[in-house]
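Remember, it's 1-based here, ligands and their atoms both numbered in the order they're listed.
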Amino acid sequence: MVKFGGALITKKDEQSVAHLQIIRKLCSIIKEITEEGIQVIIVHGAGSFGHLKAKRWRLNEGYLPDFELIDDTCSSQREAVDDVRKDMLTLNAIVLSELKQAGLNALSHPPHEWASNLGPQFDGDLVRFKSDDVRTVNVTFGDVVDVDGESKFGILSGDDLVARLSIELPDVESLVFAMGGVDGLLKVPPHLATDDDLIEYWSPDVSYEGLHQTDIDVTGGIGLKIQRGHLVAKNGISVHLINGEYPERILNLVRNQPWKGTTILG
Ligand code: IP8
């Protein structure tokens, strides 16, 4: 199970700009992993294709009957929901096209079509992710999904999707969070960190620092990754945080060769 972080595959502060070269490199490494006989499922984050508009329209708070914004490209939260879903499909199409160019049989599962409600116990049948063909890569992503009750909709993070998929699908061995701009979990804020500040093994008694851009993010940033990663590790699955700008580190992990990053202990 590999999560492509939104901050890795997009320019986080520029609406709907993808880092095509990074996506391409990641997809070619995924191809190499499948050539080792290991099947991969990909979940990708939203980055600037999701968070900016979702934040402006407060979609993470659900339906707000009296909320309006002037001077925007859409005129209601409902329209913003449709726009963010479309933007996420655009980002997903880029990832899918790169996987296909790498020679993989990539299948997309947009959450707003099959999932509802929020958090790691969201509703939705995961059977669509089961496949015996190593060249088939099932792909899903953080999205705006329908929510029961007055909220009507909300943001289902890719971090919740990877948690449920890792725990509930049979035979998942490892979960890798491929992140942008950091080598793993750090003891000090990323801009102050040296090589010595990388936390190689994390368990709840180890303190860490991460940058959570609450002005941009509508989901939980690094804190959510750690919480969900820990939940998965407690289920006996190996969980790692790796700098996705050097995707060969993921291949090294899979090949049992030295790699750089953080392991989350269960
Ligand atoms: O980037 C967020 O998913 P994440 C999804 O995986 C949207 O947390 C639409 C903002």
Side-chain angles (χ1 to χ4, degrees), residues 1-19 22-23 26 41-63 73-74 77-95 108-120 122 124 138-147 151-166 175-182 210-229 231-232 239 241 244:
M1 191 78 51
V2 182
K3 165 98 194 273
F4 291 176
L8 170 68
I9 62 170
T10 78
K11 274 197 181 174
K12 262 214 113 168
D13 45 5
E14 254 182 78
Q15 180 67 44
S16 301
V17 180
H19 279 312
I22 291 183
I23 297 174
L26 285 162
I41 293 178
I42 295 174
V43 177
H44 64 79
S48 61
F49 287 69
H51 287 269
L52 300 177
K53 193 168 269 185
K55 180 91 194 174
R56 211 159 53 239
W57 281 93
R58 296 169 61 183
L59 303 185
N60 52 321
E61 297 174 48
Y63 177 56
T73 47
C74 50
Q77 274 193 315
R78 260 288 156 212
E79 264 183 59
V81 167
D82 291 344
D83 278 7
V84 173
R85 285 177 175 167
K86 266 191 227 138
D87 290 344
M88 286 309 299
L89 287 172
T90 305
L91 176 60
N92 182 244
I94 296 172
V95 174
S108 170
H109 306 279
H112 66 262
E113 291 175 5
W114 60 273
S116 60
N117 295 316
L118 308 177
F122 72 90
N138 287 296
V139 184
T140 190
F141 50 86
D143 201 2
V144 190
V145 297
D146 293 342
V147 168
S151 289
K152 296 184 196 289
F153 51 78
I155 306 290
L156 178 61
S157 171
D159 295 337
D160 289 321
L161 285 153
V162 280
R164 243 197 95 195
L165 286 164
S166 301
L175 163 61
V176 172
F177 288 97
M179 305 196 300
V182 279
L211 192 65
H212 182 201
Q213 291 175 290
T214 39
D215 53 329
I216 295 183
D217 262 3
V218 288
T219 52
I222 188 71
L224 183 66
K225 267 180 225 346
I226 300 305
Q227 276 177 30
R228 296 297 177 259
L231 184 69
V232 173
V239 179
L241 307 181

Check the pair Gln77 / Leu59 against side chain to side chain contact (heavy atoms under 4.5 Å, CB included), numbers first and verdict last.
CA-CA 7 Å; Gln77 274 193 315; Leu59 303 185; 4.2 Å; yes
Pairs under 3.5 angstrom, nitrogen or oxygen on both sides, ligand 1 versus protein: list them out, please.
unit_1: ligand 1; atom_1: 1 (O); unit_2: Ala46; atom_2: N; d: 3.0
unit_1: ligand 1; atom_1: 1 (O); unit_2: His51; atom_2: NE2; d: 3.0
unit_1: ligand 1; atom_1: 6 (O); unit_2: Lys3; atom_2: NZ; d: 3.1
unit_1: ligand 1; atom_1: 6 (O); unit_2: Gly158; atom_2: N; d: 2.8
unit_1: ligand 1; atom_1: 8 (O); unit_2: Ser157; atom_2: OG; d: 2.8
unit_1: ligand 1; atom_1: 8 (O); unit_2: Thr219; atom_2: OG1; d: 2.6

What verdict does the salt bridge (charged side-chain N to carboxylate O under 4.0 Å, His left out) test give for Arg85 and Asp146, after you've listed the backbone C-alpha separation in whole Å, the side-chain angles of each residue and the deciding distance to 0.1 Å?
CA-CA 11 Å; Arg85 285 177 175 167; Asp146 293 342; 3.1 Å; yes
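- For Arg164 (side chain) and Phe122 (main-chain N/O), a donor-acceptor pair under 3.5 Å exists by modelled atom type.
- At least one donor-acceptor pair closer than 3.5 Å links the side chain of Thr10 to the backbone N or O of Ser48.
- Tyr63 has its side chain out of reach of Ser151: every pair of non-hydrogen atoms, C-beta onward, lies at least 4.5 Å apart.
- Note on ring orientation: taking the six-membered ring where Trp is involved, the planes of His44 and Phe141 are parallel (angle under 30°, cut-offs 30° and 60°).
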